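Beneath this line is the structure, given in structure tokens, with notes to follow.
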Number of protein chains: 2
Amino acid sequence: MPKLVDHEQRRRLLTEAVFAVISTQGFEAVSLRDVAQQAGVSMGTVQHYFPTKQQMLSFALSHMRERVLARLQATVGALREPTRRDLIRAATAVMLPVDPAGREEACVNIAFFSAATVTPAYAEQLRDGYGRILAVSIANFREAARLGELRDGINPDVEAPALYFLTQGLIGPILVGLYRPDEALALIDAQLDRVFRPPSS
Amino acid sequence: MPKLVDHEQRRRLLTEAVFAVISTQGFEAVSLRDVAQQAGVSMGTVQHYFPTKQQMLSFALSHMRERVLARLQATVGALREPTRRDLIRAATAVMLPVDPAGREEACVNIAFFSAATVTPAYAEQLRDGYGRILAVSIANFREAARLGELRDGINPDVEAPALYFLTQGLIGPILVGLYRPDEALALIDAQLDRVFRPPSS
DNA sequence: TTTTTTTTAATGCGAACGCATGATAACCGT
DNA sequence: ACGGTTATCATGCGTTCGCATTAAAAAAAA
């Protein structure tokens, strides 16, 4: 009907349909027809905003990164007078699939990780996105070290990647039901207890 | 030509072709025709040993677990008078995609992890397989604790999962080129340094 | 109002898919 | 030696895929 539509917003809307299909039927089941039906539009509409399926998925991956970052910043921003430990713990927890939104994001991310092993373009996007998050985490740990919140002998440049990859490693097992979210959080808290000084007094 | 073929061996051979296709063209590209061509047989042969594609992939997943366990036991068994730390480090290192075989296994595993988010049968197989490995790791850490190889205040029931999931979390980033294998091993060694007593005398 | 452009939908096409069928050839038990 | 079983292959069928094409409707431009 209209002509007054925001192109980018329309693409993001369709991308949400892509996420729904991936997380409920799997990455390999994503077809233009499925996405169109999920979004409640015709197949031609999908084609109008994404000339090819590859472009649709590539845009979806970039949009997923934005979604994760937005959720991360929203969660971190909601903290009132947080310590560095609070910041780091919150940023870590949002990456775990604990709520439906987090689970959907985790399903989509692992799907793209798998696809990235044979699609260099995806690999590059993932490197960029996760490299950025890791860099922020390292900066956070260094700031914590500077503020003296870390125990003696703790190297922030080691502990930041260690916590980050531990978190990444917990996602898959949670998704398949090998580990429960509360067990994962307990593991993360144990790691934080080891790295951070106890609340002094 | 023959009638004298070992059914299971034939299935494993075809499964190796499945692994090759997954790790070079991706999970979604696996078709009966691709597998047949990769194995150098006709499509009918593949159908003869696997009535459906689903059964083929399910068998492939179970065979992958055996392959990982075999490589793990071979590596661990090759150690001469190992300490517990040696055992644990070796078992951890074989799970990282450092050589082509390890990379292929990692690609296949992450593909099945992704598929498992929408295919409960895969999830169950993965839970069983990885749960088993984790249990062995915990047993190893407990034995190390019993032998007094761990530092004071180190809880093997915490450190075993922590090291295990850290390792799992390193696989994806290595696969997409975000982290190098030597960086990953350095991180693991740092974790082991923290957990194990320094070589005493 | 008329024209043009944009959005949406409907349909067609060639290719590839999983799976079923039938034919051929080689080994086996008797 | 020979019928029966088994391994292998080639081919066909119905479906679904990504993508191209075309048409209709509505807003923007004239």
Side-chain angles (χ1 to χ4, degrees), chain A residues 1-61 108 111-112 114-115 118-119 121-122, chain B residues 1-61 63 111-112 114-115 118-119 121-122:
Chain A
M1 310 122 169
K3 179 198 167 187
L4 201 143
V5 299
D6 181 347
H7 226 75
E8 282 303 300
Q9 174 184 333
R10 210 73 172 153
R11 285 157 74 97
R12 282 191 291 268
L13 190 142
L14 290 174
T15 295
E16 295 293 329
V18 173
F19 295 159
V21 172
I22 290 180
S23 63
T24 58
Q25 286 150 264
F27 190 81
E28 54 177 328
V30 174
S31 71
L32 301 185
R33 287 164 179 84
D34 285 338
V35 173
Q37 184 178 1
Q38 178 72 37
V41 298
S42 80
M43 207 179 116
T45 299
V46 179
Q47 288 183 281
H48 182 248
Y49 290 101
F50 297 110
T52 70
K53 183 184 177 183
Q54 290 280 344
Q55 293 181 40
M56 179 180 73
L57 290 174
S58 195
F59 182 87
L61 178 51
V108 173
F112 273 108
S114 175
V118 292
T119 307
Y122 294 159
Chain B
M1 308 116 172
K3 178 195 165 188
L4 200 144
V5 299
D6 181 347
H7 226 77
E8 281 303 299
Q9 174 184 333
R10 209 72 173 154
R11 284 158 74 99
R12 283 192 289 269
L13 190 141
L14 289 174
T15 295
E16 294 293 330
V18 173
F19 295 160
V21 173
I22 291 179
S23 63
T24 58
Q25 287 151 260
F27 190 82
E28 54 176 326
V30 174
S31 72
L32 301 185
R33 288 165 178 83
D34 285 338
V35 173
Q37 185 178 2
Q38 178 72 37
V41 299
S42 80
M43 208 179 114
T45 299
V46 178
Q47 288 183 278
H48 179 68
Y49 291 101
F50 298 111
T52 71
K53 183 183 176 182
Q54 290 278 348
Q55 294 182 40
M56 179 179 75
L57 290 175
S58 194
F59 182 88
L61 177 51
H63 178 52
F112 274 108
S114 174
V118 292
T119 307
Y122 295 159

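Every chain is numbered from 1, with letters handed out A, B, ... down the list of sequences. Everything numeric here is computed off the predicted structure, so don't read it as measured data. These numbers come from the heavy atoms of this one structure, side chains and all, not from hydrogens, waters or symmetry mates.
Taking atom CZ on B:Arg11 and atom P on D:dT8, their separation rounds to 13 Å, with Å as the unit. Atom CG in B:Leu32 sits roughly 6 Å away from atom P in C:dC19 (whole-Å rounding). Put simply, CG on B:Asp6 is 11 Å from P on D:dA7, counting in whole angstrom units. What separates OH of A:Tyr49 from P of C:dT6 is a distance of 12 Å, to the nearest Å. A straight line from CG of B:Leu57 to C1' of C:dG18 spans 12 Å, rounded to a whole angstrom. Distance B:Glu8 CD to D:dA7 P: 12 Å, rounded to the nearest Å. What separates CZ of B:Arg33 from C1' of D:dC9 is a distance of 14 Å, to the nearest Å.
Note on B:Phe50: nothing from the nucleic acid sits closer than 4.0 angstrom, heavy atoms only.
Remark: B:Val41, B:Ser42, B:Gly44, B:Thr45, B:His48 in residues 37-48 of chain B come within less than 4.0 Å of DNA chain D through at least one heavy atom. Interface residues of residues 12-24 of chain A facing DNA chain C, ordered by number: none; criterion, heavy-atom separation under 4.0 Å.
With values rounded to the nearest 0.5 angstrom, A:Ser58 atom OG is found 8.0 Å from A:Phe112 atom CZ. The CD atom of A:Gln55 sits 10.5 Å away from the CG atom of A:Leu57 when rounded to the nearest 0.5 Å.
Axis angle between the ends of the helix from C:dT1-D:dA30 to C:dT30-D:dA1, five pairs each and rounded to 10 degrees, works out to 10°.
Although no hydrogens or angles enter the test, the distance criterion places a donor-acceptor pair under 3.5 Å between the side chain of B:Thr119 and the main chain of B:Ala115. Side-chain N or O atoms of A:Ser42 include one that pairs as donor or acceptor with a backbone N or O of A:Gly44 at under 3.5 Å.
Checking the phosphate oxygens (OP1, OP2) of C:dT6, no side-chain nitrogen or oxygen of A:His7 falls inside 4.0 Å.
Here A:Val118 pairs with nothing under the side chain to side chain contact (heavy atoms under 4.5 Å, CB included) rule; sequence neighbours left out. Every residue two or more places apart in sequence or in another chain that forms a salt bridge (charged side-chain N to carboxylate O under 4.0 Å, His left out) with B:Arg11 is listed here: B:Glu8.
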Side-chain donor-acceptor contacts of residues 16-34 of chain B below 3.5 Å, not counting sequence neighbours, with atom names and distances?
{"from": "B:Glu16", "atom 1": "OE1", "to": "B:Arg67", "atom 2": "NH1", "distance (Å)": "2.7"}
{"from": "B:Glu16", "atom 1": "OE2", "to": "B:His63", "atom 2": "NE2", "distance (Å)": "3.1"}
{"from": "B:Ser23", "atom 1": "OG", "to": "B:Phe19", "atom 2": "O", "distance (Å)": "3.0"}
{"from": "B:Ser23", "atom 1": "OG", "to": "B:Ala20", "atom 2": "O", "distance (Å)": "3.3"}
{"from": "B:Thr24", "atom 1": "OG1", "to": "B:Ala20", "atom 2": "O", "distance (Å)": "2.6"}
{"from": "B:Ser31", "atom 1": "OG", "to": "B:Asp34", "atom 2": "N", "distance (Å)": "3.1"}
{"from": "B:Ser31", "atom 1": "OG", "to": "B:Asp34", "atom 2": "OD2", "distance (Å)": "3.3"}

